[in-house]
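What follows is a set of notes on a single structure, which appears directly below.
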Amino acid sequence: MTTASMGLIGVGTMGSALALNIAENGHDIALYNLDARTIDALIDQAGDLAPRLTKTETVADLVVAMPSPRAIILLVPAGGPVETTIDALLPHLSPGDTIIDGGNSDFRDTMRRTERVEAAGFQYLGVGVSGGEEGARHGPSMMVGGSKDSWEPLRPVLEAIAAKYQGSPCVAHLGPDGAGHFVKTVHNGIEYADMQMIAEVYGLLRDGEGRAPGEIAPLFTRWNDGALQSYLIEITGQVLAAVDPETGNPMVDMIVDQAGQKGTGRWTVIEAIRMGQSASVIEAAVGARVLSSERPVRQAASEILGEAPKGTASFDEADLEAALLVGRILAYAQGFRILKAASEEFSWDLDYATIAEIWRAGCIIRSSLLDDISKAFRSELPHGRLVLSEEFAALLQQNIGALRRVVAQAVTIGLPVPALSSAVSWYDEIRQARGTADVIQGQRDFFGAHGFRRVDKEGDFHGPW
Ligand code: 6PG
């Protein structure tokens, strides 16, 4: 067991759930929240666990309530609130204390904060926590960044509260300072892509075939028993089956079609592009959320430009399932490419197999594919690329035809499939031995004398334009 005493700042939905998880695993925990009433409500409902929870009135009181060494988890909104909380904590800490940021912080902030907190004589961990409220309560997946010295003493408690996949805790120390939050950011990028592709398939059935949500739900439930088995497919079935208690309509039909986003999907794309990586499926998903928010424009455009005809199509269900499988594999593949690029740029030495392993339970993108992905990364991969592994190359080849048929049919009717179509294009780009960048190089040389390399000899050349 860890010798550190536990504290938590930010007792919202996630904070409350995590506090109960920690208490259930045998630890007393001191709590502080700006609005103390949430702590009262938590203690009221904590039952047998209530004696383990201590309410404190200020950040200073929280520190005083905890014997040293302390481990203080922050579950406050990313950005300013994390900064302000660190400012408030630093004057009260003792050597050996650790601040753990468990929010969705920008990894660059985490790098900077780690340096600052360590310079002040304390320890800092940036931990990506995935799994929503249910995960926080019964076992999240946790991606840890920071020094090994900060991680080792806290490892037992973090392993105890983590989700378990066949008994293995879904938490690992992945690298220094920002590594954990970076991996969580990419996790969220993949989450955006997977959610978007699922929504696209739903759209094909709703608009293309004119099916009601309640008729689509069983399909997702069935798919969840096959190759698509995953948390997101499972909950989609439940979302589509739900009925609005107020109106009796399908719940999903009563929800405004504008998706929110807190930034992690966008950060994934920004970092990918900054590192020269293509993350087209994730980018399409972020773009689709952005366009979803332009509801008035979409509504006007549906009048002016006209919408795709409704209820005229018939999609092959097996094709839809296989299309989602291919899209999911390619989204994971793009995510792992970004991780590889970051690992090289920041010398993090990320272990991709371990990352896949700690995503197998607890987190939002958990799926049956991740066990195979971890095995692929433990074997010799051509160029270190997932899509080139024997198993995934075969899976892609078997199923890519279905993705092509689905995308072709959707595009022909005029139904939007931005992420699925990006997936098929990316697949085709990456398998093309001779691409079309020869023309780009010719154009660049033509207008800017940028020069090009030739296929038949070394050197820098110009064309005869
Ligand atoms: C998780 C999720 C979570 C994230 C939500 C909302 O892994 O548990 O990624 O951390 O906050 O999914 O994210 P958006 O508001 O950006 O959709």
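We use all heavy atoms of the structure for the numbers below, so side chains are in, but hydrogens, waters and symmetry mates are not. Whatever order the structure lists ligands and atoms in, that order sets their numbers, starting from 1.
Between Ile364 and ligand 1, no pair of N/O atoms sits closer than 3.5 Å. Not one N or O of Val129 is nearer than 3.5 Å to an N or O of ligand 1, by distance alone. Considering backbone and side-chain N/O atoms, Ser130 comes within less than 3.5 Å of an N/O atom of ligand 1.
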(message) Assess the residue pair Phe107 and Phe346 against the criterion (ring pair (Phe, Tyr, Trp, His ring centres under 6.0 Å)); give the C-alpha distance rounded to whole Å, side-chain angles, the decisive distance to 0.1 Å, and a yes or no.
(response) CA-CA 11 Å; Phe107 81 106; Phe346 298 105; 5.5 Å; yes
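Numbered from 1 in the order shown, with element, the atoms of ligand 1 that lie under 4.0 Å from a heavy atom of His187 read 7 (O). Taking every non-hydrogen atom of Asn104 and a distance limit under 4.0 Å, the qualifying atoms of ligand 1 come out as 3 (C), 4 (C), 10 (O), 11 (O). Ligand 1 places these atoms under 4.0 Å from at least one heavy atom of Gly132: 8 (O).
For atom 16 (O) of ligand 1, the closest heavy atom belonging to the protein is Tyr192 OH, 2.5 Å. The closest protein non-hydrogen atom to atom 8 (O) of ligand 1 is Gly131 N, 2.9 Å. For atom 9 (O) of ligand 1, the closest non-hydrogen atom of the protein is Glu191 OE1, 2.7 Å.
By the criterion of a heavy-atom distance under 4.0 Å, the side chain of Arg289, and not its backbone, is placed next to ligand 1.
With salt bridges taken as basic N to acidic carboxylate O contacts below 4.0 Å, none links Glu321 and Arg222. Under 4.0 Å is where a charged nitrogen must lie from a carboxylate oxygen, and between Glu115 and Arg112 no such pair does.
Proximity annotation for atom 3 (C) of ligand 1: of Arg266, Lys184, Lys262, Arg366, Lys184 comes nearest, heavy atoms only.
Not counting sequence neighbours, the partners of Arg295 by the salt bridge (charged side-chain N to carboxylate O under 4.0 Å, His left out) test are Asp257. With sequence neighbours left out, the salt bridge (charged side-chain N to carboxylate O under 4.0 Å, His left out) criterion links Arg366 to no other residue.
Heavy-atom contacts from other residues, nucleotides or ligands closer than 6.0 Å to CG of Leu34 number 12 or fewer. A 6.0 Å sphere centred on CG of Asp48 holds no more than 12 heavy atoms belonging to other residues, nucleotides or ligands.
Between Phe377 and Phe336, the ring planes are tilted. Angles from 30° to 60° get that label.
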